[in-house]
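See below for the structure under consideration.
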Amino acid sequence: MSSAPQAPVVTRFAPSPTGYLHIGGARTALFNWLYARGRGGKFLLRIEDTDRERSTPEATAAILRGLTWLGLDWDGEAVSQFAGRARHAEVARQMLANGTAYKCFATQEDIEAFREAARAEGRSTLYQSPWRDADPATHPDAPYAIRLKAPRDGATVIEDAVQGTVTFRNDQLDDMVCLRSDATPTYMLAVVVDDHDMGVTHIIRGDDHLTNAARQVQIYQAMGWQVPVFAHIPLIHGPDGKKLSKRHGAVGLEEYQAMGFCAAGMRNYLTRLGWSHGNDELFDDAQALAWFDLAGIGRAPARLDFKKLENVSGHHIAKAADERLLPEIEAYLTAVARPALTAQQRDGLLKALACTKERAKTFPELLEKAHFVLASRPLELEPKAAAALDAVSRGILRELTPQLQDASWVRNELEAIVSAVAAAHGLGLGKIAGPLRAALAGRMVTPSVFDMMLVLGRDETLARLNDQAA
RNA sequence: GGCCCGUUCGUCUAUCGGUUAGGACACCAGGUUUUCAACCUGGGAAGAGGGGUUCGACUCCCCUACGGGCUGCCA
């Protein structure tokens with residue numbers, strides 16, 4: 001049936017614009033992107049907007065935004081399936097002409113009556129149109145649908161790159177409608193025509209389309225077109241193993257962006273979810289592109305694991321170059337409608353990245369740790385920080401300040417000075433680090449006090465200490 | 001109901017007839033430590049159940065159970 005074309009790979013992602021970009025859809029898009037880009041092929045985007053009731057331009061925009069955030073780029077413009085309706089109808093007529101389809105005058109009521117009777121008698125409810133072999137002379141002057149004259153004997157076989165050989169008995173498949181009685185094409189017809197016209201060689205999509213694939217193959221056969229390679233990937237389930245739905249929390253990709261995961265980590269995690277390359281867990285785009293293949297895709301549905309996502313995200317944040325991380329953090333701020341960074345904060349954050357990115361799993365976590373450089377004097381003290389600055393502590397800070405005044409601003413020396421002052425009071429470094437932390441950041445969860453001093457610089461450090469020493 | 005797909009530690013997975021069934025995340029214990037982390041060391045943790053095939057099955061076949069999908073003139 002399907003044979004693997006050796007020509008350049010062409011894949012596509014074909015979402016329905018009826019809402020946000022689903023996390024499962026995002027992974028499907030990612031797999032298609034990896035497969036095509038890893039082989040120098042093309043990755044196309046087609047918006048399946050033939051359902052005029054449910055499709056909205058806002059949803060299309062949200063999907064494109066999601067893909068862009070994930071870092072997936074597509075070739076050419078996103079294609080509107082609805083725009084191709086004339087061509088779809090034309091193909092339906094061709095099938096009529098070559099005898100692989102027929103006009104069906106059955107009404108909605110006829111079909112319903114047929115099904116009810118079938119149910120009552122315990123027969124299959126697959127509709128069998130009386131018009132399949134009707135003499136054209138008996139055709140009424142009424143609207144009709146064009147149905148595929150599907151083979152009744154034998155089987156339709158799919159050689160799926162993930163699921164293996166899947167066989168459907170043809171008597172399990174009915175004559176599907178290709179062109180509705182209002183002359184609009186059905187999804188089943190439109191996908192096949194579009195995939196063929198766009199030269200798609202590999203269809204990588206959700207498992208939920210596996211049965212559809214059999215019907216679609218019949219259309220390819222009716223038109224004498226080459227069948228592409230199918231790869232039906234398992235769906236993503238919620239943490240409880242049930243189909244992923246809104247009650248599991250985040251289903252839309254944008255929610256993940258809002259949670260502050262970095263895009264590179266998201267790609268890594270999603271790629272690894274349902275696909276493997278031996279024991280490799282952490283990898284960058286270049287490796288993913290080189291390693292990704294259809295054979296590595298698993299056959300069972302996978303569950304989302306936020307802990308692991310966090311871990312992977314953290315790994316990528318830690319590895320990212322500062323210059324690249326900063327704009328991504330700013331994009332995150334915009335995405336969650338938080339105030340943009342001032343030029344000063346931007347400068348400060350860039351300097352603070354070195355001591356914050358390695359310990360943050362997400363952007364909000366990183367921003368939390370970088371609070372000391374984002375805040376400006378006079379610092380607002382959190383309750384715990386205020387508590388750490390008791391009279392005794394303030395006294396020690398007062399003693400520390402003049403010594404810092406003349407220090408050369410390098411880590412070793414700062415550490416030596418602070419340790420010496422602590423020792424003079426018979427205290428460990430830990431006892432003095434607390435108040436220092438409080439004075440420098442106004443909080444108790446921060447990077448190392450020495451890192452903060454280095455980032456803040458002498459003047460700002462001294463100013464903050466003086467603010468609290470009084 | 002019918003058809004189709006799936007089932008290895010809690011989770012993601014490796015294994016492609018012969019392994020003490022490996023790794024990662026999570027978890028537990030210990031270490032390191034100026035907070036939060038990070039990091040280091042160690043630990044517990046799996047082949048859904050039942051039949052076959054085979055000298056030998058997680059790997060192949062069948063049945064059952066469970067999960068999922070499709071069964072529209074939705075996509």
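Computed over heavy atoms, backbone and side chain alike; hydrogens, waters and symmetry mates excluded. A note on names: the letters A, B, ... follow the listed sequences, proteins ahead of strands, and every chain is numbered from 1.
Separation of the C1' atoms belonging to A48(B) and U59(B) is 16 Å when rounded to the nearest angstrom. Rounded to whole Å, the P atom of A26(B) lies 46 Å from the corresponding atom of G72(B). U8(B) and C4(B): their C1' atoms are spaced 24 Å apart (whole Å). U54(B) and C62(B): their C1' atoms are spaced 16 Å apart (whole Å). The gap from the C1' atom of U53(B) to that of C60(B) amounts to 8 Å, rounded to the nearest Å. U32(B) and U41(B) have their P atoms separated by 15 Å, given to the nearest Å. Comparing G22(B) with C58(B), their P atoms are spaced 14 Å from each other, to the whole Å. Comparing the C1' positions of C39(B) and U20(B) gives an interatomic distance of 29 Å, to the nearest angstrom.
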Test log, rule side chain to side chain donor-acceptor pair (under 3.5 Å), inputs N268(A) and T271(A): CA-CA 5 Å; N268(A) 185 159; T271(A) 300; over 6 Å; no
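Closest contact between the side chain of D208(A) and the listed nucleotides C70(B), C73(B), G6(B) involves C70(B). The Q108(A) side chain lies nearest to C73(B) when the options are G69(B), C12(B), C73(B). Minimum atom distance to the side chain of K308(A) is reached by C25(B), of the listed C25(B), G2(B), C73(B). Across C25(B), G23(B), G6(B), the shortest atom-to-atom separation from the side chain of R272(A) is found for G23(B). Distances from the side chain of R147(A) to the nucleotides A14(B), C73(B), C12(B) place C73(B) closest. The side chain of V445(A) approaches C36(B) more closely than any other nucleotide in the set U13(B), C36(B), A75(B). Minimum atom distance to the side chain of E281(A) is reached by C12(B), of the listed U35(B), C12(B), U34(B). Minimum atom distance to the side chain of K361(A) is reached by A37(B), of the listed C12(B), U35(B), A37(B). The side chain of N311(A) has C25(B) as its nearest neighbour among C25(B), C4(B), U35(B). With G69(B), C3(B), A37(B) as the choices, the nucleotide that has an atom nearest any side-chain atom of R359(A) turns out to be A37(B).
Counting non-hydrogen atoms under 4.0 angstrom, M176(A) reaches nothing in the nucleic acid. Base engagement by A106(A) is indicated by at least one non-hydrogen atom pair under 4.0 Å involving a base atom. Within 4.0 Å (heavy atoms only), R27(A) reaches no atom of the nucleic acid at all. Residue contacts shown for L126(A) are limited to sugar-phosphate atoms, with no base heavy atom under 4.0 Å away. Residue-level contact check: R54(A) touches the bases, meaning some heavy atom is under 4.0 Å from a base atom. G430(A) comes within 4.0 angstrom of sugar-phosphate atoms only, judged by non-hydrogen atoms across all strands, and of no base. Among the atoms of the strands shown, only primed sugar atoms or phosphate atoms (P, OP1, OP2) are found under 4.0 Å from some heavy atom of V166(A). Residue contacts shown for T50(A) are limited to sugar-phosphate atoms, with no base heavy atom under 4.0 Å away. Contact annotation for Y269(A): no contact, since no heavy-atom pair falls under 4.0 Å across all strands. Residue R437(A) is in base contact, counting any heavy-atom pair closer than 4.0 Å across all strands shown. When heavy atoms are screened at a 4.0 angstrom cut-off, S124(A) is found touching no nucleic acid atom at all. If you check every strand for non-hydrogen atoms under 4.0 Å, K431(A) touches nothing. Contacts of R303(A) with the nucleic acid, taken as non-hydrogen atoms under 4.0 Å apart, involve only primed sugar atoms and P, OP1 or OP2. Counting any heavy atom pair closer than 4.0 Å across all strands shown, G298(A) reaches no nucleic acid atom.
Cation-pi contact between R437(A) and F372(A): absent, since separation from the ring centre below 6.0 Å together with deviation from the ring axis within 45° is not met.
When Watson-Crick and G-U wobble pairs are counted only if both distances are under 3.5 Å, G42(B) pairs with C28(B). Summarising the base pairing, G67(B) is matched to C5(B) through a Watson-Crick or G-U wobble pair whose two defining distances lie under 3.5 Å. Summarising the base pairing, G47(B) is matched to no nucleotide, lacking a Watson-Crick or G-U wobble pair whose two defining distances lie under 3.5 Å. Pairing partner, U35(B): none, since no Watson-Crick or wobble contact has both distances short of 3.5 Å.
Taking only distance into account, the side chain of K369(A) meets the base of C36(B) through a donor-acceptor pair shorter than 3.5 Å. On a pure distance criterion of 3.5 Å, a polar donor-acceptor pair joins the side chain of S181(A) and the base of C73(B). Counting atom types as modelled, R169(A) pairs no side-chain N or O with a base atom of U71(B) as donor and acceptor under 3.5 Å.
Phosphate proximity of G72(B) to R115(A): present, with a side-chain N or O under 4.0 Å from OP1 or OP2. Dashed line: the shortest gap from a side-chain N or O of S448(A) to OP1 or OP2 of U34(B) is not under 4.0 Å.
The residue among F105(A) and P447(A) whose nearest nucleotide of RNA chain B lies closer to the 5′ end is P447(A). Nearer the 5' end of RNA chain B, as judged by each residue's closest nucleotide, is the contact made by D305(A), out of D305(A) and M444(A).
E365(A) places its CD atom 8 Å from the C1' atom of A37(B), with the value rounded to the nearest Å. Atom CG in L210(A) sits roughly 16 Å away from atom C1' in G67(B) (whole-Å rounding). Residue F114(A) contributes atom CZ, which lies 14 Å from atom C1' of U71(B) at whole-angstrom precision. Atom CZ of R267(A) and atom C1' of C12(B) are 20 Å apart (whole Å). Atom CG of D280(A) and atom P of G22(B) are 18 Å apart (whole Å). Look at CZ on R205(A): it is 16 Å from P on G69(B), rounded to the nearest Å. Note: CD (E310(A)) to P (A37(B)) measures 12 Å, nearest angstrom. Distance N279(A) CG to G23(B) C1': 4 Å, rounded to the nearest Å.
Here the rule is side chain to side chain donor-acceptor pair (under 3.5 Å) with D49(A), and of S55(A), S80(A), S16(A) only S80(A) fits it.
A donor atom on one side chain and an acceptor atom on the other are not found under 3.5 Å apart for D293(A) and H277(A). A donor atom on one side chain and an acceptor atom on the other are found under 3.5 Å apart for E399(A) and H425(A).
For the pair R152(A) and Q128(A), the minimum side-chain heavy-atom distance is below 4.5 Å. Counting heavy atoms from C-beta outward, L294(A) and I297(A) have side chains that approach closer than 4.5 Å. Side-chain contact between R46(A) and W74(A): absent, with no pair of heavy atoms (C-beta onward) separated by less than 4.5 Å.
Note: Y102(A) and W131(A) fail the aromatic proximity criterion, with ring centroids not under 6.0 Å apart.
Under 4.0 Å is where a charged nitrogen must lie from a carboxylate oxygen, and between K351(A) and D322(A) no such pair does.
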